[in-house]
Every structure is written in structure tokens, then in C-alpha cells.
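The next block holds one structure in the form of C-alpha cells; read it before the comments.
Everything numeric in this text was worked out from a predicted model, so none of it was measured.
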Number of protein chains: 2
Amino acid sequence: MATDDLMSRALSALDEVDGPMSVEVIHRLVDAGDATAPMTITEVADLLGMSPHTLRYYERVGLVTVDRDADGHRSYGTGAVRRLVFLTRMRLSGMAMRDLQHYVRLVDEGDDTVPERLDMLLEHRDTIRRQLKELTLSLAATEYKIATYGGHTGTRQTD
Amino acid sequence: MATDDLMSRALSALDEVDGPMSVEVIHRLVDAGDATAPMTITEVADLLGMSPHTLRYYERVGLVTVDRDADGHRSYGTGAVRRLVFLTRMRLSGMAMRDLQHYVRLVDEGDDTVPERLDMLLEHRDTIRRQLKELTLSLAATEYKIATYGGHTGTRQTD
DNA sequence: CTAGGAGTTCGAGCGCGCTCGAACGCAAGC
DNA sequence: GCTTGCGTTCGAGCGCGCTCGAACTCCTAG
């Protein structure tokens with residue numbers, strides 16, 4: 001699942017009821033207590049709009065640690081799911097896998113790394129803001145072109 | 001140059017004087033007359049923030065046709081540069097190479113394909129809008145996290 | 001007892017979009 | 001004349017982020 005791909009999936013999800021899932025899930029996981037029952041891999045996959053394959057991949061590259069149940073099946077607790085929601089958000093906004101791996105490593109190293117984590121987040125925030133600017137420009141360009149095509153169809157137009 | 005990569009480059013370019021290049025270039029090329037002199041490959045590369053390698057690549061996959069001068073060197077006329085500006089904008093907003101190839105093929109087929117081109121642009125406009133929504137969500141999530149880290153540093157924080 | 005379905009591990013493979021290096025041509029400057 | 005520099009073509013290679021298939025285990029329903 002390439003970044004763009006990830007984006008397209010999330011985008012179709014957004015279409016459903018105009019993006020309530022993401023926000024609700026974040027609130028459920030960030031604000032509310034840890035009362036949710038452990039989830040299976042397919043449940044998490046459905047929740048996040050990704051494949052079980054990808055979830056296993058994330059685990060094996062060290063992005064998340066997942067418990068096993070009696071059968072040896074993965075059992076995603078609130079912590080794991082919460083982290084995956086966060087990771088997905090970061091991936092969606094273009095943070096590289098290697099950066100996420102670094103971030104997660106920092107988390108494991110304890111509270112001393114909070115400043116560095118903060119730095120990463122601040123930098124990423126700026127990246128997102130610049131992406132927003134870029135996208136806004138692209139949107140303008142696209143709408144301009146649409147206008148020249150749709151505004152008066154039949155106009156000589158070379159590209 | 002992967003999509004994300006392309007984005008990062010454009011983003012650093014944006015930093016310079018807060019994105020005047022893109023807008024100015026678009027206006028110069030879209031609104032003004034075709035008075036500009038042909039450009040060399042490195043000039044175009046610098047203009048668009050991409051490498052000559054990539055420009056040759058775009059040409060060989062059929063995205064653009066470029067004249068040669070007496071020495072056999074590429075000579076980018078206004079039309080070619082204008083198209084490349086457009087293509088770059090589309091790439092930056094995540095349109096796939098294969099879609100751009102399709103679009104360009106339609107252009108070559110003449111005015112009959114205007115409706116289909118319009119469809120592509122409309123669809124892409126929606127994609128950009130959804131990306132904007134997604135990015136805005138990610139920005140919110142990032143800022144939330146920054147607040148929990150930076151707001152009161154030292155707080156217990158598990159990821 | 002059997003069949004189905006959901007999970008597991010492992011390693012290999014893939015699609016995208018560049019990116020690069022080798023071998024070469026040509027023109028200008030010392 | 002020779003180097004420097006900027007260009008050319010061609011094909012191969014690469015990094016990223018998945019994605020998949022094979023071979024296996026286990027539980028449950030009929």
C-alpha cells in the first residue's frame with residue numbers, strides 16, 4: 001500500500017458519511033477510557049481501512065507490539081489500536097515509515113525522548129501545512145483548467 | 001522521484017518566499033503571451049524543481065514532446081514548459097503517471113476528447129478536496145499530540 | 001469425521017516513479 | 001590539442017511500502 005494508495009482508501013472511507021469514522025475513532029481512543037474489548041486482526045483492518053497483511057507488516061517492522069490469544073492469534077488491545085490509529089494518521093499525511101519507526105523507538109526509550117518526539121511532531125506539522133498550501137494551489141490550477149474547458153466548451157485548448 | 005518526494009521538493013521551494021514561484025509561473029505561462037525564449041533542460045529542471053533525468057523520463061514515457069536544437073539538445077518551448085508546469089501540478093496533487101499519460105493521449109486525439117478530459121479533471125478536483133480534508137484531520141491530530149506533549153511537558157504519555 | 005474459515009509464519013515479489021551510470025558527442029576556452 | 005562542461009541515449013537499478021502465496025494450525029458446524 002503506497003502512500004497515495006493509503007490516501008485513496010482513506011478518501012473513499014471519508015466519502016461514506018463525510019469522515020465521521022476518523023474523528024469518532026480518535027475521540028473514542030484518545031479521550032474515553034480503555035473500556036473497549038480486544039480486537040481481532042480483521043476487525044482492526046476494517047476499522048483502519050487496511051489489510052491484515054499490512055497490519056502484520058507494521059508489526060514485523062516494529063511499529064506496534066500485539067498480544068496473542070490462546071490460539072496464537074493476534075489480539076489488539078486499546079493501546080495497540082490507539083497507536084495504529086495514530087500511525088495511520090501520520091502515514092496518511094506522508095510521514096515515512098522510517099520516521100515512524102524512529103518515533104516508535106523513541107517512545108520505547110522512555111520519557112527522556114519527549115523533546116525529540118516533540119521536534120518530530122512540530123516538523124511534521126509544518127510539513128502538513130506546506131502540503132495543504134501545495135494542494136490548495138493544485139486545486140486552484142485544476143479548477144482554472146476546468147473553467148477553461150467547461151466554462152465555454154468548444155474553445156481552442158491545447159492541453 | 002516518488003510522489004512524496006516530489007512534494008517535499010516543492011515544499012522546500014515553497015519555503016523560499018512563501019510560494020510565489022508557482023503562482024507567478026502559472027500566470028506567466030497561462031495568461032501572458034508566448035514571448036518567452038526556448039529553455040534548456042537544466043533551466044526547465046530548475047524552474048520546476050526536478051532533475052534533468054526526470055524531465056527526460058517524462059519525455060520518454062510520452063508526457064511531453066520536446067524539440068531539439070542544432071546540437072541535438074532539447075529545447076523547451078513555451079508549449080512544452082506550460083504542459084510540464086501543468087503535469088507537475090497534477091503530480092503534486094497525486095495524479096498517477098498512468099492517468100497523466102492517458103490525459104496526454106486524449107489531448108493528442110483532439111477536441112473530441114474534451115468531455116473525457118473534463119471528467120478526469122472533475123474527478124481529480126474531488127480527489128484533491130478529499131485530500132485536503134484528510135490532511136486537515138491529520139493536522140488536527142498532530143497538533144493535538146503536540147499539545148499533550150508541549151502543553152505540559154513531563155506528563156505521562158505512552159506514544 | 002470432515003469441511004470450512006480464520007488465523008499463523010516466512011520469504012519472495014511487485015508496482016510506482018524515478019534515479020543513475022556508462023559511453024558517447026560537440027563546442028568553447030586555455 | 002586537450003580539457004571542461006553540458007548535453008545525448010540506453011538500459012539497468014533502486015527505495016518505498018506494501019502485497020501475496022504457500023504451507024501450516026486450530027476451532028467450529030454439520
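For the 3.5 Å distance criterion, the side chains of A:Tyr103 and A:Arg117 fail to qualify, holding no donor opposite an acceptor.
We find that CG of A:Leu55 is positioned 13 Å from P of C:dT9, with the value rounded to whole Å. Rounded to a whole Å, the CG atom of A:Asp99 is 14 Å from the C1' atom of D:dG15. Per the geometry, CG belonging to B:Asp69 stands 11 Å off C1' belonging to C:dC26, to the nearest Å. Protein atom OH of B:Tyr57 is 16 Å distant from nucleotide atom P of D:dT9, rounded to whole Å. Between A:Leu63 atom CG and D:dG17 atom C1' there is a gap of 11 Å when expressed in whole angstrom units. Protein atom OH of B:Tyr58 is 8 Å distant from nucleotide atom C1' of C:dG17, rounded to whole Å. Atoms NE2 (B:His53) and C1' (C:dA22) sit 11 Å apart, rounded to a whole Å. One can place CZ of B:Arg91 at 7 Å from C1' of C:dG17, the figure rounded to the nearest angstrom.
In this structure, of C:dA12, C:dT19, C:dG17, it is C:dT19 that holds the atom nearest to the side chain of B:Arg60.
Residue pairs meeting the side-chain hydrogen bond (donor to acceptor under 3.5 Å, both in side chains) criterion with at least one partner in residues 62-74 of chain A, sequence neighbours excluded, are A:Glu59-A:Arg68, A:Glu59-A:Arg74.
Contacts of B:Glu43 classified as salt bridge (Lys or Arg N to Asp or Glu O under 4.0 Å), with partners at least two apart in sequence or in another chain: none. Looking at residues two or more places apart in sequence or on another chain, you find no salt bridge (Lys or Arg N to Asp or Glu O under 4.0 Å) involving A:Arg105. In this structure, the side chain to side chain contact (heavy atoms under 4.5 Å, CB included) partners of B:Thr136, at least two apart in sequence or on a different chain, are A:Leu132. Applying the side chain to side chain contact (heavy atoms under 4.5 Å, CB included) test to B:Pro52 and every residue at least two apart in sequence or in another chain returns B:Ile41, B:Thr42, B:Ala45, B:Arg56.
Comparing A:Met97 and B:Glu59 by the nucleotide of DNA chain D that holds the closest heavy atom to each, the one mapping nearer the 5' end is B:Glu59.
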Could you write out each protein N or O paired with an N or O of nucleotides 1-8 of chain D at a distance under 3.5 Å?
{"from": "D:dG7", "atom 1": "OP1", "to": "B:Thr42", "atom 2": "OG1", "distance (Å)": "2.7"}
{"from": "D:dG7", "atom 1": "OP2", "to": "B:Thr42", "atom 2": "OG1", "distance (Å)": "3.0"}
{"from": "D:dT8", "atom 1": "OP1", "to": "B:Arg74", "atom 2": "N", "distance (Å)": "2.8"}
{"from": "D:dT8", "atom 1": "OP1", "to": "B:Arg74", "atom 2": "NH1", "distance (Å)": "2.7"}
{"from": "D:dT8", "atom 1": "OP2", "to": "B:Arg56", "atom 2": "NE", "distance (Å)": "3.0"}
{"from": "D:dT8", "atom 1": "OP2", "to": "B:Arg56", "atom 2": "NH2", "distance (Å)": "3.1"}
{"from": "D:dT8", "atom 1": "OP2", "to": "B:Arg74", "atom 2": "NH1", "distance (Å)": "3.3"}
{"from": "D:dT8", "atom 1": "O5'", "to": "B:Arg74", "atom 2": "NH1", "distance (Å)": "3.1"}

